[in-house]
Amino acid sequence: MNQRSGGGGNALEVRNAHRRFGSVTALAGIDLKIAAGELVTLLGPSGSGKSTLLKIIAGYDGPDAGIVTVGGMDVTAVAPARRDIGMVFQNYALFPHMSVAQNIAFPLEMRRLGKPAIQGRVAWALETVGLTGYDTRLPAQLSGGQQQRVALARAIVFEPKLLLLDEPFGALDKKLREQMQLEVKTIQRRLGLTTLFVTHDQEEALIMSDRIAVMDKGRIEQIDTPTAIYRRPVNRFVAQFIGDSNLFAATIVDVASGVATLRTEQGLVFTATAPRMPVGSRVTLVVRPERILRVAENGPAQNRLAATVRDAIYVGDSVKYRLEIPGGAMVTAAWSGAEGELLEAGATLDIAIPADAIHCVES
């Protein structure tokens, strides 16, 4: 079986998609482009619009306005079965009375392929997902992870132009979910499958994606690489939704030589890399827990603060500390578990926040 090359151009494009259900706006003008061979994740809380967008792309729902193209062809009004899209659901949606091979062969039979071609493609799909020898088993005789592999094999056996994954690992336990994430990503890369992945799990999105589209209230708030989304969120919502963040409401009081001076509502003064906002702007300062440093008592440090430990949570490779700083504000710091013994509640220490660890977004 030939593997598909990612090629060039946009394999999927959604232009100005709108969808309302009564008084509820599910999609408020979505624009989305996915390049051939790319894996993009739709990430957002419940009600953000990601499932509605997926259904419109798959053809199970239609937009009130807007266009969907797959492989350069307008499929907005095309039936789901004719869109050349493979889909994997959270509940697998396998036919319980059919064997593994019959489940995988089903989309090929619907396309009226000959028996020899079907047998060859089914064998290729089974080998691709690591289930060679399981062809005669029924779904009930498989584990959850094996059923997920069958669902994936059925979705890729006809070499679709686009693969949609709708919360595919939600029913799996943590260890198996992590294993399947890596396996699916490996298969997707090897085959060059253009893939749109839907999840509400932030860590899963960071692991799986070439790019992440963060959605809220029917809009894409930010679409970028996992690194950019995490390090440079465009607004407070993205900063709060992706990973842990310490947020400070502040005002820019001075900018000089590329360095901004900022005063928080608690009266703390920080210096940071100057944002593209004028003096007097109200901003939110975003600081990731792992960027807060523990410093020696007499050591020099930027944005130095005295802190008191209020709580500590040991999570194996690191310890998360809830710290109280001057003005009564609370911050979370994450330090490697190898950096010393666990600090107890009430312990005092000095911390510092490097200027380049402070990211400013509009309030």
Side-chain angles (χ1 to χ4, degrees), residues 202-203 205-206 212 214 221-222 224-279 281-313 315 317-340 343 347-363:
Q202 305 151 32
E203 183 178 350
L206 292 170
I212 299 171
V214 183
E221 296 289 338
Q222 183 174 2
D224 213 325
T225 64
T227 299
I229 291 276
Y230 186 81
R231 293 181 179 176
R232 298 183 296 278
V234 296
N235 57 34
R236 187 183 182 96
F237 172 80
V238 177
Q240 286 181 305
F241 192 75
I242 300 289
D244 295 329
S245 295
N246 296 294
L247 304 177
F248 301 90
T251 301
I252 301 175
V253 296
D254 187 42
V255 176
S257 303
V259 176
T261 302
L262 309 117
R263 186 181 302 276
T264 73
E265 289 183 344
Q266 294 83 13
L268 302 175
V269 177
F270 292 123
T271 57
T273 302
R276 294 179 179 178
M277 290 174 256
V279 171
S281 297
R282 298 283 295 166
V283 296
T284 295
L285 312 185
V286 181
V287 180
R288 298 296 186 181
E290 67 274 11
R291 296 302 310 274
I292 295 178
L293 306 178
R294 183 180 178 183
V295 296
E297 184 176 348
N298 297 318
Q302 288 179 307
N303 301 318
R304 188 185 186 109
L305 298 167
T308 302
V309 176
R310 294 305 179 205
D311 197 12
I313 303 173
V315 291
D317 59 345
S318 66
V319 181
K320 288 187 176 181
Y321 290 98
R322 189 74 171 152
L323 307 173
E324 183 176 350
I325 59 176
M330 304 294 293
V331 298
T332 299
W335 297 322
S336 168
E339 289 185 358
L343 296 173
T348 59
L349 68 157
D350 285 349
I351 61 172
I353 305 174
D356 65 0
I358 298 176
H359 178 66
C360 298
V361 297
E362 292 183 2
S363 290

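What you see below is based on every heavy atom in this structure, not just the backbone, and it leaves out hydrogens, waters and symmetry mates.
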remark   = Output for pair (R291 CZ, I358 CD1), nearest 0.5 Å, gives 9.5 Å
ask   = If you look at every heavy atom in L343 and A312, which pair is closest and at what distance?
value = O-CB, 3.8 Å
task = Specify the closest pair of heavy atoms between A307 and L323, including all atoms of both residues, with the distance to one decimal.
result = CB-CB, 4.2 Å
query = Between N303 and F270, is there a donor-acceptor pair closer than 3.5 Å when you use the side chain of the first and the backbone of the second?
reply = no
query = How far does CD1 of I242 sit from CG of L206, to the nearest 0.5 angstrom?
reply = 6.0 Å
ask   = Does the R288 side chain pair with the main chain of Y230, one donor and one acceptor, at a distance under 3.5 Å?
value = yes
Side-chain touch V331/V287, heavy atoms, less than 4.5 angstrom = no
request  = Drop me the distance from T227's OG1 to I212's CD1, to the nearest 0.5 angstrom.
outcome  = 9.0 Å
query = Say you draw a straight line from CG of L293 to CD of Q302; how long is it, rounded to the nearest 0.5 Å?
reply = 9.5 Å
task = Flag yes if more than 12 heavy atoms outside R322 fall under 6.0 Å of its CZ atom; otherwise flag no.
result = yes
message = Does N246 form a side-chain contact (heavy atoms from CB on, under 4.5 Å) with T332? I'd like the steps, not just the answer.
response = CA-CA 7 Å; N246 296 294; T332 299; 3.9 Å; yes
task = Looking only at non-hydrogen atoms, find the nearest pair between G327 and Q266 and report the distance.
result = O-CG, 4.0 Å
message = Is it true that, when you exclude E362 itself, more than 12 heavy atoms of the residues, nucleotides or ligands shown sit nearer than 6.0 Å to its CD?
response = no
task = Walk me through it: do R310 and T308 pass the test side-chain contact (heavy atoms from CB on, under 4.5 Å)?
result = CA-CA 6 Å; R310 294 305 179 205; T308 302; 3.4 Å; yes
request  = Drop me the distance from L285's CG to C360's SG, to the nearest 0.5 angstrom.
outcome  = 5.0 Å
query = Between atom CG of D311 and atom CE of M330, what is the distance when rounded to the nearest 0.5 Å?
reply = 8.0 Å
key: Closest contact, heavy atoms only, T251 versus R282   = OG1-NH1, 2.9 Å
request  = For the pair Q202 (side chain) and F241 (backbone), establish whether a donor and an acceptor sit closer than 3.5 Å, ignoring hydrogens and angles.
outcome  = yes
ask   = Any luck finding a side-chain donor-acceptor pair between S363 and T284 under 3.5 Å?
value = yes
task = Locate the shortest heavy-atom distance separating P233 from V238; write the atom from each residue and the value.
result = CB-CG1, 3.7 Å
key: Nearest atoms (heavy-atom pairs only) where V259 meets T271   = CG1-CB, 4.1 Å
request  = Ignoring hydrogens and angles, tell me if any N or O in the side chain of Q222 forms a donor-acceptor pair with the backbone of R232 under 3.5 Å.
outcome  = yes
message = Does I351 form a side-chain contact (heavy atoms from CB on, under 4.5 Å) with I325? I'd like the steps, not just the answer.
response = CA-CA 9 Å; I351 61 172; I325 59 176; 4.0 Å; yes
inquiry  = Does L247 form a side-chain contact (heavy atoms from CB on, under 4.5 Å) with V286? I'd like the steps, not just the answer.
reply    = CA-CA 5 Å; L247 304 177; V286 181; 3.7 Å; yes
key: Flag, side chain of T264 to backbone of F248, donor-acceptor distance under 3.5 Å   = no
inquiry  = Given 3.5 Å as the limit, does a donor-acceptor pair link the side chain of E265 with the main chain of A249, or not?
reply    = no
